[in-house]
Trainee: 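I have a structure here, written as structure tokens, and I will follow up with some questions on it.
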Protein chains: 2
Amino acid sequence: MDSCQTCVIRNRAICSELEFSELEVLNAIGHRRQLVAGEQLIWEGEDAVLVANVIEGVLKLSNSMEDGREQIVGLVYPTDFIGRPFGATTPYGVEALTDARVCVFARRDFDSFARQHPRLEHKLLERTLAELDRTRAWMLLLGRKSAEERLATFLLEVSQRLEPETCSAPDNARQAAFELPFSRQQVGDVLGLTIETVSRQFTKLKRDGVIDLPSRRSVEIVDRRELEARAG
Amino acid sequence: MDSCQTCVIRNRAICSELEFSELEVLNAIGHRRQLVAGEQLIWEGEDAVLVANVIEGVLKLSNSMEDGREQIVGLVYPTDFIGRPFGATTPYGVEALTDARVCVFARRDFDSFARQHPRLEHKLLERTLAELDRTRAWMLLLGRKSAEERLATFLLEVSQRLEPETCSAPDNARQAAFELPFSRQQVGDVLGLTIETVSRQFTKLKRDGVIDLPSRRSVEIVDRRELEARAG
DNA sequence: CGTTTTGTTGACTCCTATCAATAAAGGTGG
DNA sequence: CCACCTTTATTGATAGGAGTCAACAAAACG
């Protein structure tokens, strides 16, 4: 049952477009792994021994400094690819933010499989290019936006990437209400802010009637237009 | 004479590893273009009509906001690839910071050539992955580093990527003295700082004997160890 | 329930942005 | 080659936004 054939992300991850016979090979070199929230999959700077696909859950990629300062440099959602193929080391740590299921491969196995399957490499290239675009857009936020603009931008992005449990909604659906898979500290680590500043900005957006916060981790976008205006 | 055969970056760009016959095809669909400092090659958000390879010079990739705030999201040097293959739009502007020579391709021509040449796509994938790593490292700088740490980190990186005119030095040579291809404003746009803050940090590093500034655009690293310490 | 973790709020500080005035380079044309 | 003008960089004074430190509140957890 844990095979590519029954995989829920089968048609949306980089393994889509592979033929039946190819999938069997891929299935043989990879295996499923269940992660609990907070579990580390890859340590920053370690030899790049594995790569993976996210099946379910949200994970963070992060860089940190010796003195403890940390910056989340990427968030990965279902269908996203994790790890550093064709490289000696994975320059960022990977940790599950929610319970998660991933499909992991030994990097060397994956590398050689990929090199023999141009369609897979092409998919990976398209994904990597898209991720680079997203990352660069985030640089504008980190370099030039105010705390309020950062949080507003973040909430809008999360509402797009967090799809509803039910698959009935259209592909580009934006959720008005959702559960944040992040603590305040993690939101700070994504936005380059302290936890206190994040908290104050949440409070401000709520006080101004732009969002509602039914509970610690849940957010409801009350006035999307206004939130977009505040995103800069 | 303007052919791939005589190209100075022939063996270091994504076109390396292509065979003679393939190079001829590539040569036919691309052409050289000379840019003067300040010339815009691609506008932010425009249809992705062209991609290019940098032969000589330095160019910036930047994102900006309606109110004029700008963030440089990437710097490209000789052998680097420019543009957004397989995508509808190029989400950042590309402008030459120095006089530059590039080898440009219509994106559609390049896309179809690439899809037929897995070795080229593989090279492009490796480069894109490396660029993504560099970009993510930059996020730590933008999100968490102080002005002094940012400038120190920047000077160290530039000294690595700016190779000497003479090709005699080893591949990973780090220049102690070099000409910055950037104005103070551009340094600010890379680091997410204002021009005044950049200027003050330059002055401070000079006053402390870590660097010397023989002229506006030239920098000499006097105490690399100390500069590294200040880079965080 | 008590304990621990996480989040909020307040007071205050500090770093960087902003505003403003010079100073130094760089170009241009006589 | 030099005066003139423009652009770029430096420096100072001040303000403001986010960080820091600290107390408290509210969930979460056992």
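Below, chain A is the first sequence line, B the second, and so on; all start at residue 1.
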Trainee: Under 3.5 Å, side chain of B/Arg150 to main-chain N/O of B/Leu142, donor-acceptor pair present?
Mentor: yes

Trainee: So, are A/Glu179 and A/Arg217 salt-bridged, with charged N and O less than 4.0 Å apart?
Mentor: no

Trainee: Figure out the CG/P separation between A/Leu151 and C/dT8, and round it to whole Å.
Mentor: 11 Å

Trainee: In whole angstrom, give the distance that lies between atom CD of A/Gln201 and atom C1' of D/dG17.
Mentor: 10 Å

Trainee: Choose from D/dA26, D/dA18, D/dT10 the nucleotide whose nearest atom is closest to any side-chain atom of B/Ser199.
Mentor: D/dT10

Trainee: Would you say the ring centers of A/Phe81 and A/Phe110 fall short of 6.0 Å from each other?
Mentor: yes

Trainee: Figure out the CD/P separation between A/Glu148 and D/dG19, and round it to whole Å.
Mentor: 15 Å

Trainee: Decide yes or no, distance alone: a donor-acceptor N/O pair under 3.5 angstrom between the base of D/dA18 and the side-chain of A/Arg200.
Mentor: no

Trainee: Is there a donor and acceptor pair, one atom on the side chain of B/Arg184 and one on the base of D/dT8, closer than 3.5 Å?
Mentor: no

Trainee: Once you apply a heavy-atom cut-off of 4.0 Å, does B/Gly188 come out as touching a base, just sugar-phosphate, or nothing?
Mentor: nothing

Trainee: Please classify the nucleic acid contact of B/Ser183 as base, sugar-phosphate, or nothing, using heavy-atom distances under 4.0 Å.
Mentor: sugar-phosphate

Trainee: The side chain of B/Thr197 is closest to which nucleotide in this list: C/dA17, D/dT11, C/dT8?
Mentor: C/dA17

Trainee: Using whole Å, what does the distance between atom P of nucleotide D/dT8 and atom CG of B/Leu180 come to?
Mentor: 15 Å

Trainee: Closest-nucleotide mapping onto DNA chain C: is B/Lys145 or A/Arg216 further toward the 5' terminus? I mean the 5' end.
Mentor: A/Arg216

Trainee: Would you mind reading off the distance between B/Leu193 atom CG and C/dT18 atom C1', rounded to a whole angstrom?
Mentor: 14 Å

Trainee: Any carboxylate oxygen within less than 4.0 angstrom of a Lys/Arg side-chain nitrogen, looking at B/Asp223 and B/Arg225?
Mentor: no

Trainee: Closer than 4.0 angstrom, basic N to acidic O: yes or no for B/Arg161 and B/Asp80?
Mentor: yes

Trainee: Which nucleotide in the set D/dA9, D/dT11, C/dT18 lies at the smallest distance from any side-chain heavy atom of B/Arg217?
Mentor: D/dA9

Trainee: What is the distance, rounded to the nearest whole Å, between atom CD1 of A/Ile195 and atom C1' of D/dA22?
Mentor: 14 Å

Trainee: How many whole angstroms separate atom CZ of A/Arg144 from atom C1' of C/dT18?
Mentor: 13 Å

Trainee: On DNA chain D, does the nearest nucleotide to A/Ser146 precede the nearest nucleotide to A/Glu196 from the 5' side, or the other way round? Give the residue.
Mentor: A/Ser146

Trainee: What is the distance from NZ of B/Lys204 to P of C/dC15, rounded to the nearest Å?
Mentor: 9 Å

